[in-house]
Amino acid sequence: MLPSFGLVYKTRSPWTFGFMATGIAGFGVDYPSNSPTPAGNFNPLAAPQSAGGFGSIYLNYQLMQLTPSVAYQVTPDLSLGVGLNVNRASFVVDPWPATPPDVSGFPTGTHASVSWGWGFTLGATYKLFDRLKLGLVFKSPQWFEHYSWNSQYPDGTPANFRFNLGHPMTIGGGISYQPIAPLLLALDVKWINYSDTRGFERQNWAMSASGPFVQGFGWKDIWIVAVGAQYKPDSTWTLRAGYNYGGNPIPSNQQFFNVFAPAIVRHHLGAGIGYDITRRLGVNLAYYHVFTAKQSGAFVSDGSGAIPVNQPIPGTQVTNRLSENSVSIQVGYKF
């Protein structure tokens with residue numbers, strides 16, 4: 001569950017002020033460990049670390065963003081805005097394969113590490129005609145201090161390690177059109193720059209004196225296209241629906257490293273309804289479904305066997321599968 005809060009104050013001048021606090025990113029998994037059965041059936045990734053696997057796999061990442069903002073209406077048709085993004089993120093992972101192991105395996109990162117970061121957002125809207133509006137947005141990379149853990153290896157040896165993980169730059173544009181008074185149509189396009197973002201840009205194994213470790217998530221840039229419609233049958237009810245297609249940032253040769261974060265979904269479908277209880281008080285309910293996506297790739301050699309490091313291991317396959325459902329409730333009040 002992720003709370004959110006927003007406030008907008010429009011002055012009698014061209015200035016408008018706002019504040020938003022909401023969760024903008026997160027992912028997580030919780031996979032049990034397993035051991036070989038007498039018939040030899042098991043998941044080698046979830047085998048104990050002593051047997052060459054990761055054991056149970058757990059990850060929880062949450063990013064909350066606070067954004068005070070200001071907008072200025074330059075002309076009746078043009079408005080410009082800027083916001084300062086203040087971010088707080090927490091990161092829990094077990095085991096943590098992105099640091100050199102010792103002889104017993106990788107350390108745990110179950111003690112939540114918190115990192116603060118910042119960035120900025122620039123935006124503009126322009127009314128071409130009474131019923132047609134354009135919008136542009138630039139959201140900078142979100143720069144974070146490193147995450148750090150005071151932990152231990154499976155054999156109890158103390159471990160102190162850290163990791164840099166940012167949030168990507170986003171550039172987007174949109175158009176809205178109101179063909180008739182009750183109906184509003186919208187189209188948005190966004191580009192997300194994972195390939196230059198700390199923690200996402202590096203990939204594959206790296207070698208250390210004590211053994212190989214994972215360098216990063218290895219994600220690529222993606223495009224997102226969204227369409228939506230809003231219809232007001234009367235003065236109190238509002239109906240909404242939308243569809244979103246997002247590219248898959250994880251190449252097939254990096255599926256092995258992204259068992260911890262299998263963000264491979266593409267198709268999103270949402271619907272919502274709003275009701276104005278009074279002239280000032282309104283309630284909105286929304287639901288979206290992310291259709292099941294799956295992608296496979298080979299296990300990647302860590303160089304400990306006959307296969308050279310970072311080469312696919314013949315005859316092996318890891319498949320990530322993910323779907324999502326989400327419900328949101330929003331209460332709005334006009335002062």
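Worth saying up front: this structure is predicted, and the values here are computed from it rather than measured. Side-chain atoms are counted along with the backbone in the values below, which use heavy atoms only and exclude waters and symmetry mates.
At most 12 non-hydrogen atoms from other residues, nucleotides or ligands lie less than 6.0 angstrom from CZ of Arg162. Atom NZ of Lys232 has more than 12 heavy atoms from other residues, nucleotides or ligands within 6.0 Å.
A donor-acceptor contact closer than 3.5 angstrom is absent between the side chains of Ser33 and Ser56. At a cut-off of 3.5 Å, with distance as the only test, no side-chain donor of Thr236 or Asp276 sits close to an acceptor on the other residue.
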Show the numbers, then the answer: is there a side-chain contact (heavy atoms from CB on, under 4.5 Å) between Val300 and Asn253?
-> CA-CA 8 Å; Val300 179; Asn253 64 357; 5.9 Å; no
Apply the test side-chain contact (heavy atoms from CB on, under 4.5 Å) to residues Gln230 and Thr238: give CA-CA distance (whole Å), side-chain angles for both, the deciding distance (0.1 Å), then the verdict.
-> CA-CA 7 Å; Gln230 175 180 283; Thr238 303; 3.4 Å; yes
Mind running side-chain contact (heavy atoms from CB on, under 4.5 Å) on Tyr58 and Thr110 for me, showing each step along the way?
-> CA-CA 9 Å; Tyr58 179 83; Thr110 51; 5.8 Å; no
What's the verdict on side-chain contact (heavy atoms from CB on, under 4.5 Å) for Val103 and Tyr153, showing C-alpha distance, side-chain angles and the deciding distance?
-> CA-CA 9 Å; Val103 294; Tyr153 290 96; over 6 Å; no
Which atom pairs, donor and acceptor, lie under 3.5 Å between side-chain atoms of residues 220-228 and protein residues at least two apart or in another chain?
from   : atom 1 : to     : atom 2 : distance (Å)
Asp221 : OD1    : Asn193 : ND2    : 3.1
Asp221 : OD1    : Tyr194 : N      : 3.0
Asp221 : OD1    : Ser195 : N      : 2.8
Asp221 : OD1    : Ser195 : OG     : 2.9
Asp221 : OD2    : Asn193 : ND2    : 3.4
Asp221 : OD2    : Ser195 : OG     : 3.1

Side-chain donor-acceptor contacts of residues 322-335 below 3.5 Å, not counting sequence neighbours, with atom names and distances?
from   : atom 1 : to     : atom 2 : distance (Å)
Asn325 : OD1    : Tyr287 : OH     : 2.5
Asn325 : OD1    : His289 : ND1    : 2.8
Gln330 : OE1    : Asn284 : ND2    : 3.2

Report, one line per pair, each donor and acceptor closer than 3.5 Å where one atom sits in a side chain of residues 87-100; sequence neighbours left out.
from  : atom 1 : to     : atom 2 : distance (Å)
Asn87 : OD1    : Gln65  : NE2    : 2.7
Asn87 : ND2    : Gln142 : OE1    : 2.8
Asp94 : OD1    : Thr108 : OG1    : 3.0

Which atom pairs, donor and acceptor, lie under 3.5 Å between side-chain atoms of residues 168-181 and protein residues at least two apart or in another chain?
from   : atom 1 : to     : atom 2 : distance (Å)
Gln178 : NE2    : Ala181 : O      : 2.8

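Cluster membership check: Met20 does not share its hydrophobic cluster with Trp116, using side-chain heavy-atom separations under 4.5 Å among Ile, Leu, Val, Met, Phe, Trp and Tyr. A single hydrophobic cluster is seen to contain both Val82 and Val86, as judged by linkage of ILVMFWY side chains at heavy-atom distances under 4.5 Å, directly or through other members. Both Trp143 and Met64 are assigned to one and the same hydrophobic cluster, defined by single-linkage of ILVMFWY side chains at heavy-atom distances under 4.5 Å. By the rule that hydrophobic residues join a cluster once side-chain heavy atoms approach within less than 4.5 Å of another member, Leu78 and Trp15 end up as members of one cluster. In the hydrophobic clustering of this structure, Leu187 does not group with Val137; members are Ile, Leu, Val, Met, Phe, Trp, Tyr whose side-chain heavy atoms approach within less than 4.5 Å, directly or through other members.
Residues Ser113 and His146 fail the side-chain proximity criterion, which asks for heavy atoms closer than 4.5 Å. Residues Ser252 and Gln295 are in side-chain contact: their nearest non-hydrogen atoms beyond the backbone lie under 4.5 Å apart. Using a 4.5 Å cut-off on side-chain heavy atoms (C-beta onward), Leu185 and Leu183 make contact. Contact annotation: the side chain of Leu7 never approaches that of Phe17 to less than 4.5 Å [non-hydrogen atoms, C-beta and beyond]. Side-chain contact between Leu45 and Tyr31: absent, with no pair of heavy atoms (C-beta onward) separated by less than 4.5 Å. Proximity of His111 to Asn150: side-chain heavy atoms (C-beta onward) are nowhere separated by under 4.5 Å.
Note on residues 69-80: no pairs pass side chain to side chain donor-acceptor pair (under 3.5 Å), not counting sequence neighbours.
In terms of heavy-atom proximity, His167 sits nearest to Leu63 at ND1-CD2, 3.7 Å. Of all heavy-atom pairs between Tyr147 and Ser115, the closest is CE2-CB, 3.4 Å. Nearest heavy-atom pair across His267 and Tyr243 is ND1-OH, 2.5 Å. When all heavy atoms are compared, the tightest approach of Gln203 to Gly218 is CB-CA, 3.6 Å. Of all heavy-atom pairs between Pro154 and Ser104, the closest is CD-OG, 3.3 Å. Here the closest non-hydrogen pair linking Ala206 and Gln215 is CB-CG, 3.4 Å.
Of the inter-residue distances, the one linking Ser151 atom OG with Phe161 atom CZ reads 4.5 Å to the nearest 0.5 angstrom. Atom OH in Tyr126 sits 6.0 Å away from atom CG in Leu128 (nearest 0.5 Å). Once rounded to the nearest 0.5 Å, the distance linking CZ of Arg198 with CG of Asp196 reads 13.0 Å. Here the CZ-CD1 distance, from Arg240 to Ile273, works out to 9.5 Å after rounding to the nearest 0.5 Å. To the nearest 0.5 Å, atom NZ of residue Lys190 and atom CG of residue Asn244 are 7.5 Å apart. Interatomic distance, Gln62 CD to Asn60 CG, rounded to the nearest 0.5 Å: 4.5 Å.
Under the 30°/60° scheme for interplanar angles, the aromatic rings of Phe19 and Phe5 are found to be tilted.
Every residue meeting the ring pair (Phe, Tyr, Trp, His ring centres under 6.0 Å) condition with Phe256, not counting sequence neighbours, appears here in chain and number order: Phe299.
Ring centers of Trp149 and Phe163: at least 6.0 Å apart, outside the cut-off.
Only one option out of Phe106, Phe54, Phe27 pairs with Phe260 in a ring-ring contact (aromatic ring centres under 6.0 Å, His included); it is Phe54. Partner Lys139 forms a side chain to side chain contact (heavy atoms under 4.5 Å, CB included) with one of Ile192, Ile24, Leu122 and no other, that one being Ile24.
Counting only distance, with no hydrogens or angles, the side chain of Asn258 and the backbone of Phe217 share a donor-acceptor pair below 3.5 Å. At least one donor-acceptor pair closer than 3.5 Å links the side chain of Gln255 to the backbone N or O of Ile250. Side-chain atoms of Gln152 never come within 3.5 Å of backbone atoms of Thr157 as a donor-acceptor pair (strictly under, hydrogens ignored). Side chain of Trp219 to backbone of Thr197: no donor-acceptor contact under 3.5 angstrom is found. Of the possible polar contacts, one joining the Asp102 side chain to the Gly105 backbone as a donor-acceptor pair under 3.5 Å is found. The main-chain N or O of Ala71 is never found under 3.5 Å from a side-chain atom of Thr16 such that the two would form a donor-acceptor pair. In this structure a side-chain-to-backbone donor-acceptor pair under 3.5 Å is present from His268 to Arg266.
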